[in-house]
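Read the structure below first, then the notes.
Letters A, B, ... mirror the listed sequences (proteins, then strands); counts begin at 1.
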Amino acid sequence: MSTVVNTPRPQGVAGPSGPAAPLDRLRALQSEGRLVTEYPSVAPLLAELPYGDKGAADLVRAGQLLSRLDPDEVAAANPGTLTVSVAVAGHSTVGALAAPLTAELARHGILLRLTLGDFDGYLRELQDTGSQLYAPGLDLALVVLDAQAVFDELPVVWRVEDLEKAAATKLAQLGKLVERYVGHGTGTLVLNTLPLHRLHTHQLVDLRSRAALGVAWREFNAGLLRLAAAHERVVVIDLDPLVALGGALNEPRMASYAKANLGDELLGRYAREIGHLARTLRGRAKKVLVLDLDNTLWDGVLGDDGADGIAAATTFRGEAFGNFQKIAKQIGSQGVLLAVSSKNDQEPVLEVLRTHPDMVLRDTDFVRVNANWNPKDGNLRDIAAKLNLGVDSFVFADDSPFETGLVAAGLPEVAVVRLDEEPALHVERLLADGWFDVRELTAEDRARAALYRVESDRQDLLDSSGSLEEYLEQLGVQVKVAAVGEADLARVAQLTLRTNQFNLTTERLQPAEVRERIEDPDHLVLSVRSGDRFGDNGVVGALFAHRTPQGLHIDNLLLSCRVFSRGIEQAAVTSVLAYAVAQGLGPVTAAYRPTKKNHRVRDFWPSLGFEPSGGDEEELSFSHPLAELPAVPSHLRLDTDF
Amino acid sequence: MITETAFIQIVRDELALPLAETDLENDFDKVVSWDSLHLLRLIAAVEKETGKRVSVGKLLSERSLRGIYTLLAA
């Protein structure tokens, strides 16, 4: 793509050396006044930025540009743009967070609606239920704290006992304010641990007191982190690992003159964490990690060097690759599906994965191994189709700039991790972004890879069956629809957050919101569990409904894409219709809200005897008169418990 | 020492401000969406460009980009 740039900046012009750098293309869009209308092209441009020489600084520069756009104009010009509303409060000035936050969310294609609080306003704003933090419908309330929040409470001359007392008092105060927020606010409250600076510890000259300060400080931060364990809608970002990445905690002059106690570099890293949190809130966490093999998982090229010539242990470089394999396996153990896309022949690759002594990752760790000579963008599409997932849930890691460039250009919705020839940096590159961050892991997550592998056994049965009916008969599907209890609450919330295709209204619910509905006697919150002769599928679906004066309204129905087309969804709805009849309720109503992902369930309600009852393009309404109930598919056994 | 052209470019690139030529002379109150954070970002960028430390305390009391440039170029 070539960009014509009409600007006095010479580096903005595409010269003979190739296309202009992403930041210059962004500036060109801005100077031509096309940034609003061409907002969808922003995310792919930003995707390249972090890999540049001045990645973090360039992202802030891009954020400056983008933060000046009017979110209303962008949303109006680009219907369907994902939006997240964020309010910030802080102890020091919070303005410097605007640019990196805008950029980090834009990397995910998320448009930021930002409200900034006053300087040192966090206590008042947390207390005042009319403040920006309590705005109706707010997604994220960021309360950005730094060590001065505690140190400012100390007398001019202080001893470590004063600090211990101040820290304990501050923690208790924050605990109360958090409870207030959880009781009255709608968003997810985000706090952070407070990094301790040498300028704090070394105000004390005796080592014993300094050590006591260190203890009090860690206890304070640990207390903050425990707030997240105590409240479902509270997240605490631990800044220690972000500080440990290096660089100054702040710029002393900016801290002194502008009360910018957390420096730009640290705020940039914080903003990245928030970007991934926003992604998770919107149900966009990545689900699949696709890895290259040669010089990504092992040292060498299998086709050239042979199985004996590659290494993932014993040599210096080999060990670095082995470490990378360990990290991939670790990620794979937490619900992320691992797959391979490699330019190799299939058989030698499988042989290495099964028998090579160096390998930490084995063939059974992968849900798909695509070793062939087709272009990788096509392979990623193929893997997605086989797993019944969208490529937008993929992360792709490869050491070849050709392959990463090809995938970035051909499939901009895939997150691309650009590895290079230095294997010791592979882990850092992979973990630089929290692509797989989720609020909470469930039992289903830990078993996910195994569940997908069993899927290939089912596929074999399907291939050997004469027809779909015959396959379903032999599969022996069992379905249990039950009221959701504590054990399944996290999984049901997660289904609302992760499921995109079979999701009739795409209403995302955090665990706390699911709990509210469970506790409300007018609401019905049901889990759908399934299994078959190959094993238990776990909780694969959820149904939300509530009683209305007229009857029962189904708020949403979701089903994991692993178990489509087995009659499970029909069985679940039939059980609810039967329930409405048994309870003597009136007609059962339901809705379908189209998104980019859920078009395949557009005709779901009519297929079960629901009649269209109006609505518009945003939401179609349906109603079931309950005169005649659909039959439970004969190939499955249905249990209900609600 | 920094040239006026380089200074204007830094202002535009670092702050992404839609800057008119006359904004160099104007009081900050008249410059589109100016705030004190801009000044600090600008100083950081100029220091990076020139490799010299700027006296932030003095600059903070300046009221126009021209005034800042004059101090920086002095």
Legend entry - Carboxylate-amine/guanidinium proximity below 4.0 Å for B:Glu14 and B:Arg41: no
Legend entry - Test side-chain hydrogen bond (donor to acceptor under 3.5 Å, both in side chains) applied to A:His197 and A:Gln148, step by step: CA-CA 10 Å; A:His197 201 284; A:Gln148 287 310 123; over 6 Å; no
Legend entry - Flag side-chain contact, heavy atom, 4.5 Å: B:Val46 against B:Ile68: no
Inset, instruction - Please name the residue in the list A:Thr37, A:Val36, A:Asn78 that meets the side chain to side chain contact (heavy atoms under 4.5 Å, CB included) test with A:Glu73. - result: A:Val36
Inset, instruction - For residues A:Asp264 and A:Val60, determine if any side-chain heavy atom of one lies less than 4.5 Å from a side-chain heavy atom of the other. - result: no
Legend entry - Side-chain heavy-atom pair A:Arg107, A:Pro50 within 4.5 angstrom cut-off: yes
Inset, instruction - Could you please state which residues from residues 247-261 of chain A sit under 4.5 angstrom from chain B, measuring non-hydrogen atom to non-hydrogen atom, sorted by number, or 'none'? - result: A:Arg253, A:Met254, A:Tyr257, A:Ala258
